[in-house]
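Below: the structure, in structure tokens.
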Number of protein chains: 2
Amino acid sequence: MRIGVLAKAAGVSVPAIRYYESIGLLTPPARQGGQRIYGSDDLRALSLVRHCRELDFSIDETRDILASVQRRSPCRDTKVLAEKHLGSIRKKIAELRALEATVAALVSGCETTCCGSAAPDCVILQPGCGAA
Amino acid sequence: MRIGVLAKAAGVSVPAIRYYESIGLLTPPARQGGQRIYGSDDLRALSLVRHCRELDFSIDETRDILASVQRRSPCRDTKVLAEKHLGSIRKKIAELRALEATVAALVSGCETTCCGSAAPDCVILQPGCGAA
DNA sequence: CTTGAACCTCAAGTGGCTTGAGGGCGTAGC
DNA sequence: GCTACGCCCTCAAGCCACTTGAGGTTCAAG
């Protein structure tokens, strides 16, 4: 199949496929008249890449996962990566929740303090209120 | 004061200050012998920039906030921006929580299904399990 | 034979800086 | 006066994971 067909089948953009090839994530396929021709193995690999990217693994992690699959020892390696990844997702959630609380407090502070009254400066802009 | 002093006072790196100037976020200060010399207004502006960045406003939003402050109508404009920002923070939290649930399910599925038994393929790698 | 879609490569843009190379300014000690 | 050192300067490239655009080629249909 040609690159457009592969792209639709895997749910990935055509430039993204060429990008993955350029960084060595996907192996370059055969060519016919200069055009890339892919097989079902390529579709499987690309689908796995898409799956990993949807789970928000980085390109490097995705590369490791592909390598594990090719070594036929995917499970243990992948679970370690997934657990580590889960940790960083949870860390980011915690950070964003702290940020959410800060900004929400500033907005409600603005409503009760400066927007509602004749206060001089908006609390949202006070330095030190919400240092992350 | 020179750039290094300003940087320490505001808690921002020296290259970041030069970057902010280069993109027109901060106005270029006077020079002495080619070196930038800042005053207390510059410190206030830069501190506000840092505050906005810590609240995770984008550079463009920060630019708008600075402009509002200079128009002396900061409060209403800023509250609107902050509310919008709060919405996007909450949206991102929701996305990350969905992702967390997906990855957590895959990890525990791996533990009970493939790592614990002699299953052929790791569930983490099954396409379609965790499409975002 | 021509049209048009799909393909090709290469370069630049996104955001928000950081890092590095290669050189200038200012002050203190000798 | 000279040197050493720290701070300053500009400009360019790097990070991530692509997207977008320009300009040209190949392929299938009419």
Side-chain angles (χ1 to χ4, degrees), chain A residues 1-26 28-39 42 45-66 81 85 88-89 92 95-96 99 132, chain B residues 1-26 28-39 42 45-66 81 85 88-89 92 95-96 99 132:
Chain A
M1 68 188 106
R2 291 196 299 174
I3 198 170
V5 178
L6 177 70
K8 271 201 182 145
V12 171
S13 78
V14 166
I17 295 173
R18 287 196 278 248
Y19 169 71
Y20 291 150
E21 183 185 321
S22 78
I23 60 170
L25 185 60
L26 298 180
R31 301 259 186 156
Q32 279 182 12
Q35 305 201 349
R36 293 169 178 86
I37 303 297
Y38 297 94
D42 298 309
L46 181 56
S47 298
L48 179 52
V49 168
R50 184 202 173 191
H51 179 61
C52 290
R53 298 292 302 130
E54 274 172 348
L55 296 177
D56 212 25
F57 284 102
S58 72
I59 291 286
D60 276 350
E61 287 166 336
T62 301
R63 201 189 302 271
D64 290 348
I65 290 171
L66 279 178
L81 266 172
H85 186 47
S88 67
I89 292 169
K92 185 147 247 169
E95 287 168 9
L96 280 178
L99 188 62
Chain B
M1 67 189 111
R2 291 197 297 176
I3 199 170
V5 177
L6 178 70
K8 270 198 182 145
V12 172
S13 77
V14 167
I17 295 174
R18 286 196 277 249
Y19 170 70
Y20 291 151
E21 184 185 322
S22 78
I23 60 170
L25 185 60
L26 298 180
R31 301 260 184 155
Q32 280 183 11
Q35 303 199 350
R36 293 168 178 86
I37 302 297
Y38 296 94
D42 298 309
L46 181 56
S47 298
L48 179 53
V49 168
R50 184 201 173 194
H51 179 60
C52 290
R53 297 292 302 130
E54 274 171 346
L55 294 178
D56 213 27
F57 284 101
S58 72
I59 291 287
D60 276 349
E61 287 166 337
T62 301
R63 201 189 301 271
D64 290 348
I65 290 171
L66 280 178
L81 266 172
H85 186 45
S88 67
I89 291 169
K92 184 149 248 169
E95 286 168 10
L96 280 178
L99 187 62

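It should be emphasised that the depicted structure is a prediction, and the values quoted were computed from it without experimental measurement. Chain naming here is simple, since letters A, B, ... match the order of the sequence lines and numbering starts at 1 in each.
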How many Å lie between [atom1] on [X] and [atom2] on [N], as a whole number?
X     : N      : atom1 : atom2 : result
A:L26 : D:dC18 : CG    : P     : 11 Å
A:D60 : D:dC18 : CG    : P     : 12 Å
B:Q32 : D:dC9  : CD    : C1'   : 15 Å
B:Y38 : D:dC8  : OH    : C1'   : 11 Å
B:R18 : D:dA13 : CZ    : C1'   : 16 Å
A:I59 : D:dC15 : CD1   : C1'   : 14 Å
B:R31 : D:dC8  : CZ    : P     : 12 Å

Side-chain N,O (A:Y20) to OP1/OP2 (D:dC18) below 4.0 Å: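 Affirmative; the distance criterion is met.
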Taking heavy atoms of chain B and a 4.0 Å limit, find me the 5'-most and 3'-most nucleotide of DNA chain C within that range.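 Both ends considered, the range comes out as C:dG16 to C:dC25.
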A:A45 versus A:L26, closest heavy-atom pair with distance: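 Looking at all heavy atoms of both residues, the closest pair is CB-CD2, 4.4 Å.
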Starting at the 5' end of DNA chain C and moving along, which residue's nearest nucleotide shows up first, B:Q35 or B:S13?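 The residue closer to the strand's 5' end, by nearest nucleotide, is B:S13.
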Along DNA chain C (nearest heavy atom to each residue), the more 5'-positioned of B:S58 and A:V14: A:V14
Can you check side-chain contact (heavy atoms from CB on, under 4.5 Å) on B:I17 and B:Y38, steps first, answer last? CA-CA 11 Å; B:I17 295 174; B:Y38 296 94; 3.6 Å; yes
I'd like to know if the side chain of B:Q35 reaches the main chain of B:Q32, judged simply by a donor and an acceptor atom lying under 3.5 Å from each other, with no hydrogens or angles considered.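 Not a single qualifying donor-acceptor pair exists.
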Describe the nucleic acid contact of [X] in one word from base, sugar-phosphate, nothing, applying a heavy-atom distance below 4.0 Å.
X     : answer
B:R36 : sugar-phosphate
B:R2  : sugar-phosphate
A:I3  : sugar-phosphate

[Y] side chain reached by [X] side chain, heavy atoms, under 4.5 Å:
X     : Y     : result
B:V12 : B:V49 : no
A:I59 : A:R53 : yes
A:I37 : A:P29 : no
A:S88 : A:H85 : yes

If you check the A:Y19 side chain, which of D:dT10, D:dC27, D:dA17 turns out closest?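 Comparing D:dT10, D:dC27, D:dA17 against the side chain of A:Y19, the answer is D:dA17.
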